[in-house]
Number of protein chains: 2
Amino acid sequence: MEFNETKNIFLQIRDWVADQILQGKILTGEKIPSVRDLAVDMEVNRNTVMRSYALMEEEGIIENKRGIGFFVAADAKRNLLKRQKQTFLNDELPSILHQIEVLKLNSEDLQILIQTIQSNDHEIKPD
Amino acid sequence: MEFNETKNIFLQIRDWVADQILQGKILTGEKIPSVRDLAVDMEVNRNTVMRSYALMEEEGIIENKRGIGFFVAADAKRNLLKRQKQTFLNDELPSILHQIEVLKLNSEDLQILIQTIQSNDHEIKPD
DNA sequence: TTTAGTGTCATAATACACTATGACAGTATA
DNA sequence: TATACTGTCATAGTGTATTATGACACTAAA
């Protein structure tokens, strides 16, 4: 996998797994890739994946079954939605707004952004 | 200054100075704080500020006058605008769009964002 | 000329992310 | 029972951001 240089790898792995869950590519109760497998896939050390999984376990996103592996927790999706939404609105959005103001980006520059938002207006709210 | 834990300090200092310039709080040709002074102000080591300034010099944002200090380069503002705009649109926006899609954020959730963008529609484009 | 302010360079120490590797216990299956 | 998976822990090494400090050359002003 291609990692962003500015963000810690173990956080990017967490983000990737969280994304898989939010997108429904890994379902509730399903087993996620083993620490060793994912490490090989992502060309990263076991311990780094282990750190991501430990973090997600703390966050209640995944659960461990001894000797078997990690599984998507029952309310992982709702948990993640709430957590990510809050992080986005509270931590990321202010910085985005600030940049838009300073760079004077208008509707034309951000046409795609507005379209993307509006295409969600008729979406059914996820659980 | 309060630093974000996830981003390198010398990059955050660069961002801060760049912001001061874009906002017109430091004018073209004006002297920026000395390496030592800013280090004290931000409660950071001299070398860390030095690294930020060296980076900005490479980027053509500031210039050094020996024995005197660093000054805002002639075309710093235009340079910065171009650079930041490109970084935002190419590197940050895709990730933002992705989050909006996955989290199904709509016009209501992002009301402020849309307002901010639209308030730039009647702005005169900066140089 | 002396003094105080600039940046610059070199060195050492600390902290932490990441890697590399080995060993061990639990679980499922042949 | 033997084998091959799981996660887990410990240890050691590497790279790099950051700190701490000292020394030096340049410039401006007293």
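A, B, ... follow the sequence lines: proteins, then strands. Residue 1 opens every chain.
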Task: No-H, no-angle donor-acceptor pair, B/Asn8 side chain to D/dA17 base, under 3.5 Å - done: no
- [ ] Answer yes or no: does a side-chain N or O of A/Thr48 lie under 4.0 Å from OP1 or OP2 of C/dC18?
- [x] no
Open item on the list: To the nearest 0.5 Å, what is the distance between CG on B/Leu103 and OG1 on A/Thr87?
Closed with: 9.5 Å
TODO: Measure from the side-chain N and O atoms of B/Asn120 to the backbone N and O of A/Ile100, and report whether any donor-acceptor pair falls under 3.5 Å.
DONE: yes
Open item on the list: From CD1 of A/Ile62 over to C1' of D/dG7, roughly how many Å is that when rounded to an integer?
Closed with: 11 Å
Task: Check: C/dG7 base within 3.5 Å donor-acceptor of B/Arg36 side chain - done: yes
TODO: Count the heavy atoms belonging to other residues, nucleotides or ligands that lie under 6.0 Å from CD of A/Gln115, then report whether that count exceeds 12.
DONE: yes
Open item on the list: What is the separation between atom CE on A/Met42 and atom C1' on C/dC18, rounded to the nearest whole Å?
Closed with: 15 Å
Shorter than 3.5 Å, N or O on both sides, protein versus nucleotides 25-30 of chain C: list them out with atom names.
residue: C/dG26; atom: N2; partner: A/Gly67; partner atom: O; Å: 3.2

Open item on the list: How many whole angstroms separate atom CD of B/Glu5 from atom C1' of C/dA17?
Closed with: 14 Å
Task: Shortest non-hydrogen contact from B/Phe3 toward B/Met42 - done: CE1-O, 3.8 Å
- [ ] Find the distance B/Asp37:CG to C/dA4:C1' and express it as a whole number of Å.
- [x] 12 Å
Open item on the list: Measuring from the side chain of B/Asn47 (C-beta onward, heavy atoms only), which nucleotide among C/dA10, C/dT21, C/dC18 has the closest atom?
Closed with: C/dA10
Open item on the list: Is there, by distance only and without an angle test, a donor paired with an acceptor across the side chain of B/Arg46 and the base of C/dG7 below 3.5 Å?
Closed with: no
Open item on the list: For a 4.5 angstrom cut-off between non-hydrogen side-chain atoms, does A/Asp121 reach A/Gln118?
Closed with: yes
Open item on the list: Just the rounded figure in Å: distance from C1' of D/dT18 to CG of B/Leu38.
Closed with: 15 Å
TODO: Measure from CE on A/Met56 to P on D/dG7 and round the result to the nearest Å.
DONE: 11 Å
Open item on the list: I need the full list of ring-ring contact (aromatic ring centres under 6.0 Å, His included) pairs touching residues 34-60 of chain B, with sequence neighbours left out, sorted by first then second residue.
Closed with: B/Tyr53-B/Phe70
Open item on the list: Rounded to whole Å, how long is the line connecting atom CZ of A/Phe3 with atom P of C/dA17?
Closed with: 15 Å
Please tabulate, for side-chain N and O atoms in residues 26-39 of chain B, each donor-acceptor pair with protein atoms closer than 3.5 Å (sequence neighbours left out).
residue: B/Glu30; atom: OE1; partner: B/Leu27; partner atom: N; Å: 3.4
residue: B/Ser34; atom: OG; partner: B/Asp37; partner atom: N; Å: 3.0

Open item on the list: Please report the distance, rounded to the nearest Å, between CZ in A/Phe71 and C1' in D/dG7.
Closed with: 12 Å
Task: Residue mapping more 5' on DNA chain C - nearest nucleotide basis, A/Ile9 or B/Ile32 - done: B/Ile32
Open item on the list: Of the listed nucleotides (C/dT6, D/dT18, D/dG7), which one gets closest to any side-chain atom of A/Phe70?
Closed with: D/dG7
Open item on the list: Of the listed nucleotides (C/dT6, D/dT19, C/dC18), which one gets closest to any side-chain atom of A/Arg51?
Closed with: C/dC18
